[in-house]
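Not measured: the values here are computed from a predicted model. The figures that follow rest on heavy atoms only: side chains count, while hydrogens, waters and symmetry mates do not.
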Amino acid sequence: EDTPFQAHAKSWFYFSVSGGKKGDKLSLSIINMAKQKNLFSMGHRPVMRAEPSTPRWVHVPSCALRSSDGAARLSWDYEFLGEDV
(Lines give C-alpha, C1' and ligand atoms only; values in the text may rest on other atoms or scores of the structure.)
Protein backbone atom coordinates (compact mmCIF):
# COMPACT_ATOMS: atom_id res chain seq x y z
CA GLU A 1 0.00 0.00 0.00
CA ASP A 2 1.23 3.50 -0.77
CA THR A 3 2.65 5.71 1.95
CA PRO A 4 3.09 9.51 1.86
CA PHE A 5 6.88 9.07 1.54
CA GLN A 6 6.96 6.28 -1.03
CA ALA A 7 8.73 7.09 -4.29
CA HIS A 8 7.13 5.75 -7.45
CA ALA A 9 10.24 6.14 -9.57
CA LYS A 10 13.33 3.99 -9.29
CA SER A 11 16.70 4.02 -11.03
CA TRP A 12 18.23 0.80 -12.24
CA PHE A 13 21.61 0.66 -13.93
CA TYR A 14 22.41 -2.78 -15.25
CA PHE A 15 25.71 -3.56 -16.91
CA SER A 16 28.36 -6.24 -16.99
CA VAL A 17 32.12 -6.41 -16.99
CA SER A 18 33.90 -9.49 -18.28
CA GLY A 19 37.41 -10.83 -18.36
CA GLY A 20 38.36 -10.00 -14.78
CA LYS A 21 40.92 -12.13 -13.01
CA LYS A 22 41.42 -12.48 -9.27
CA GLY A 23 43.07 -9.32 -7.92
CA ASP A 24 42.18 -7.10 -10.91
CA LYS A 25 40.84 -3.71 -9.78
CA LEU A 26 38.27 -1.47 -11.45
CA SER A 27 37.09 2.05 -10.74
CA LEU A 28 33.44 2.43 -11.75
CA SER A 29 31.49 5.67 -12.19
CA ILE A 30 27.94 6.54 -13.12
CA ILE A 31 27.57 10.13 -14.27
CA ASN A 32 24.57 12.46 -14.59
CA MET A 33 23.15 11.37 -11.23
CA ALA A 34 21.69 14.81 -10.43
CA LYS A 35 18.17 13.51 -9.71
CA GLN A 36 19.44 10.65 -7.51
CA LYS A 37 22.19 12.51 -5.64
CA ASN A 38 20.05 13.02 -2.51
CA LEU A 39 19.80 9.24 -2.02
CA PHE A 40 23.53 8.71 -2.14
CA SER A 41 24.36 11.79 -0.06
CA MET A 42 22.25 10.23 2.73
CA GLY A 43 24.31 7.03 2.82
CA HIS A 44 22.60 4.84 0.24
CA ARG A 45 25.02 2.65 -1.73
CA PRO A 46 24.71 0.76 -5.00
CA VAL A 47 24.33 -3.00 -4.96
CA MET A 48 26.27 -5.32 -7.24
CA ARG A 49 27.16 -8.92 -7.86
CA ALA A 50 30.03 -10.60 -9.66
CA GLU A 51 29.41 -14.18 -10.67
CA PRO A 52 30.57 -16.75 -9.82
CA SER A 53 32.47 -15.43 -6.75
CA THR A 54 29.67 -13.13 -5.48
CA PRO A 55 26.41 -14.62 -6.80
CA ARG A 56 24.16 -12.56 -4.49
CA TRP A 57 23.49 -8.84 -4.64
CA VAL A 58 25.56 -6.98 -2.02
CA HIS A 59 26.09 -3.30 -1.23
CA VAL A 60 29.40 -1.92 -2.39
CA PRO A 61 31.58 -1.28 0.68
CA SER A 62 31.89 2.45 -0.02
CA CYS A 63 31.20 4.95 -2.76
CA ALA A 64 31.80 8.63 -3.36
CA LEU A 65 29.38 11.20 -4.74
CA ARG A 66 30.92 14.25 -6.37
CA SER A 67 29.04 17.16 -7.91
CA SER A 68 30.30 19.88 -10.20
CA ASP A 69 28.51 22.17 -12.63
CA GLY A 70 25.15 20.55 -11.80
CA ALA A 71 26.33 17.05 -12.76
CA ALA A 72 26.74 14.37 -10.11
CA ARG A 73 29.12 11.41 -10.40
CA LEU A 74 28.82 8.29 -8.24
CA SER A 75 32.08 6.30 -8.08
CA TRP A 76 33.34 3.15 -6.38
CA ASP A 77 36.17 0.65 -6.66
CA TYR A 78 35.87 -3.08 -7.15
CA GLU A 79 38.45 -5.84 -6.84
CA PHE A 80 37.71 -9.19 -8.47
CA LEU A 81 37.62 -11.89 -5.79
CA GLY A 82 37.79 -14.85 -8.14
CA GLU A 83 37.69 -15.72 -11.81
CA ASP A 84 34.65 -13.53 -12.55
CA VAL A 85 34.18 -13.62 -16.30
Per-pair distances, 0.1 Å, donor-acceptor, side chain in residues 24-31, under 3.5 Å, sequence neighbours excluded:
residue: D24; atom: OD2; partner: K21; partner atom: N; Å: 2.9
residue: S27; atom: OG; partner: D77; partner atom: OD1; Å: 2.8
residue: S29; atom: OG; partner: S75; partner atom: OG; Å: 2.8

Can you sort out the partners of R66 under salt bridge (Lys or Arg N to Asp or Glu O under 4.0 Å), two or more places apart, ordered by chain and number?
-> none
From S67 atom OG to R73 atom CZ, the distance as rounded to the nearest 0.5 Å = 11.0 Å
Please name all residues satisfying side chain to side chain contact (heavy atoms under 4.5 Å, CB included) with V60, sequence neighbours left out, ordered by chain then number.
-> R45, P46, M48, C63, W76
Given the rule in the side chain to side chain contact (heavy atoms under 4.5 Å, CB included) test, do W57 and R49 qualify, once you have shown the distances and angles that lead to the verdict?
-> CA-CA 5 Å; W57 292 98; R49 67 179 180 181; 3.6 Å; yes
